[in-house]
Amino acid sequence: MTDRAMPKVLPSFQLDGKTALVTGAGRGLGEGCARALAEAGADVILMSRTASELEALADEIRQAGGSARTAVADLMALDDTLATVAGLGPVDILVNNAGTNKPQPFVDVSEDTFDWIMDLNVKAVFRISQVVVRDMIARGIQGSVIHMSSQMGHVGAPNRTVYCTSKHAIEGLTKAMAVELATHKIRVNAVGPTFIDTPLTRPFFESEEFKQDTLGRIALGEVGRIEDVASAVLYLAAPASRMVTGTCLLVDGGWTAR
């Protein structure tokens with residue numbers, strides 16, 4: 001027996017003193033990520049276009065002992081959003097969660113639909129990241145940028161050509177940012193969920209054919225939960241992942257392993 005203290009096996013998952021900006025934070029995955037980051041000690045900035053949702057979530061986080069503030073912004077009004085982001089003050093963790101999809105056959109996709117999905121899923125992510133990273137570099141901090149990708153950033157799927165295009169773009173952006181920003185000790189990663197049980201996805205599963213096809217492609221045989229994705233985001237935000245950059249943490253139940 002010795003008097004030496006048992007060494008800690010895992011690095012810290014705590015985020016005390018850190019500020020995290022989460023886009024699309026009003027509901028679904030964004031809400032779950034914001035809750036997890038706040039629980040870990042981060043001061044969370046909740047961003048979406050619906051003030052009532054943000055205020056309700058911020059109140060709940062504060063009542064639970066966390067720290068949260070709101071920033072109302074419509075990412076499709078990108079110039080206004082960038083000005084809002086620039087005025088938020090220092091951000092140590094950026095979670096680019098906001099995104100959209102409109103499943104359609106490839107031959108039916110209009111230019112407006114293509115632009116709408118790509119503008120929100122790719123252009124807004126790129127430009128918001130620029131604003132935040134410039135400040136990270138200026139302050140000399142070891143920040144973390146996390147993009148919400150998808151299993152569809154690794155495979156193809158019918159009726160999702162634009163969505164797959166946008167998420168494959170996010171995968172490339174993640175790798176390129178990670179390599180370029182490594183000299184600044186800024187880590188850049190992505191999270192790639194499978195179908196997650198949210199109010200937005202539940203209507204899809206009303207189709208028995210869709211449900212059976214989807215579950216048949218997920219090796220674990222079930223859709224994911226919001227907390228599954230939030231846990232992955234928390235890991236990538238925390239010091240626990242200090243040597244992880246340029247990768248996508250797939251939370252897909254084995255979809256892409258086949």
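The structure displayed is predicted, hence computed values, not measured ones.
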Could you list all the salt bridge (charged side-chain N to carboxylate O under 4.0 Å, His left out) pairs where at least one residue sits in residues 106-133, not counting sequence neighbours? none
Is it the case that more than 12 heavy atoms not belonging to Arg225 sit under 6.0 Å from its CZ atom? no
Only one of Asn121, Asn189, Asn96 clears side-chain hydrogen bond (donor to acceptor under 3.5 Å, both in side chains) with His147; which? Asn96
Output for pair (Cys33 SG, Ile93 CD1), nearest 0.5 Å, gives 11.5 Å
Taking Asn97's backbone N and O only, do any of them form a donor-acceptor pair with Thr23's side chain (distance below 3.5 Å, no angle check)? yes
For Thr84 and Thr81, run side-chain hydrogen bond (donor to acceptor under 3.5 Å, both in side chains): C-alpha distance rounded to whole Å, both residues' side-chain angles, the deciding distance at 0.1 Å, then the answer. CA-CA 5 Å; Thr84 298; Thr81 296; 5.9 Å; no
With a 6.0 Å cut-off (strictly less than), is the heavy-atom count around CD of Glu171, excluding the residue itself, greater than 12? yes
Any side-chain heavy-atom pair from Leu249 and Leu236 closer than 4.5 angstrom? yes
Are Leu78 and Val95 connected in a single hydrophobic cluster, I mean Ile/Leu/Val/Met/Phe/Trp/Tyr linked by side-chain heavy atoms less than 4.5 Å apart? no
Got a salt bridge between Arg35 and Glu31, using NZ or NE/NH1/NH2 to carboxylate O under 4.0 Å? yes
Audit row: Arg187, Ser241, side-chain hydrogen bond (donor to acceptor under 3.5 Å, both in side chains) steps and yes/no: CA-CA 9 Å; Arg187 298 183 299 108; Ser241 61; 3.0 Å; yes
The side-chain contact (heavy atoms from CB on, under 4.5 Å) partners of Arg202 (sequence neighbours excluded) come to Asp197, Pro199
All heavy atoms of Ser48 vs all of Ala25, minimum pair found to be CB-N, 4.1 Å
Tell me every residue that passes ring pair (Phe, Tyr, Trp, His ring centres under 6.0 Å) with Phe204, counting only those two or more places apart in sequence or in another chain. Phe210
Decide yes or no for Pro239 and Leu15: does some side-chain heavy atom of the first lie under 4.5 Å from some side-chain heavy atom of the second? yes
Which atom pair, heavy atoms only, marks the closest approach of Ala34 to Val44? O-CG2, 3.8 Å
Do you know which two heavy atoms are closest between Leu120 and Ala124, and how far apart they sit? O-CB, 3.6 Å
Determine whether Thr247 and Val244 make a side-chain contact, defined as any pair of heavy atoms from C-beta on separated by less than 4.5 Å. yes
Verify salt bridge (charged side-chain N to carboxylate O under 4.0 Å, His left out) between Lys18 and Asp43, making sure each step is shown before the conclusion. CA-CA 6 Å; Lys18 303 294 185 181; Asp43 172 27; over 6 Å; no
Separation between OG1 of Thr113 and CE of Met118, rounded to the nearest 0.5 Å: 13.0 Å
State, to 0.1 Å, how close Cys164 and Ala157 come at their nearest heavy-atom pair, and which atoms those are. SG-N, 3.9 Å
For Arg62, I'd like to know if atom CZ has over 12 heavy atoms of other residues, nucleotides or ligands within 6.0 Å. yes
The reported gap from CZ in Phe195 to OG1 in Thr201 (rounded to nearest 0.5 angstrom) is 8.0 Å
Minimal heavy-atom distance between Val191 and Pro193, with the atoms involved, is O-CD, 3.3 Å
Heavy-atom count check: over 12 atoms from other residues, nucleotides or ligands less than 6.0 Å from Arg69 CZ? yes
Gap between atom OG1 of Thr245 and atom CD1 of Ile186 - 0.5 Å precision: 9.5 Å
So Thr70 and Glu55, side-chain hydrogen bond (donor to acceptor under 3.5 Å, both in side chains) or not? Walk me through it. CA-CA 7 Å; Thr70 65; Glu55 291 297 343; 3.1 Å; yes
Quick check: are there more than 12 heavy atoms from other residues, nucleotides or ligands sitting under 6.0 Å from CD of Gln14? yes
Exceeds 12 heavy-atom contacts within 6.0 angstrom, atom CD of Glu180: no
In short, Arg217 meets Arg258 closest at the heavy-atom pair O-NE, 3.5 Å
Say you draw a straight line from CZ of Arg242 to OG of Ser144; how long is it, rounded to the nearest 0.5 Å? 13.5 Å
Kindly indicate, with the supporting measurements, whether the criterion side-chain hydrogen bond (donor to acceptor under 3.5 Å, both in side chains) is fulfilled by Thr256 and Gln151. CA-CA 7 Å; Thr256 60; Gln151 65 187 15; over 6 Å; no
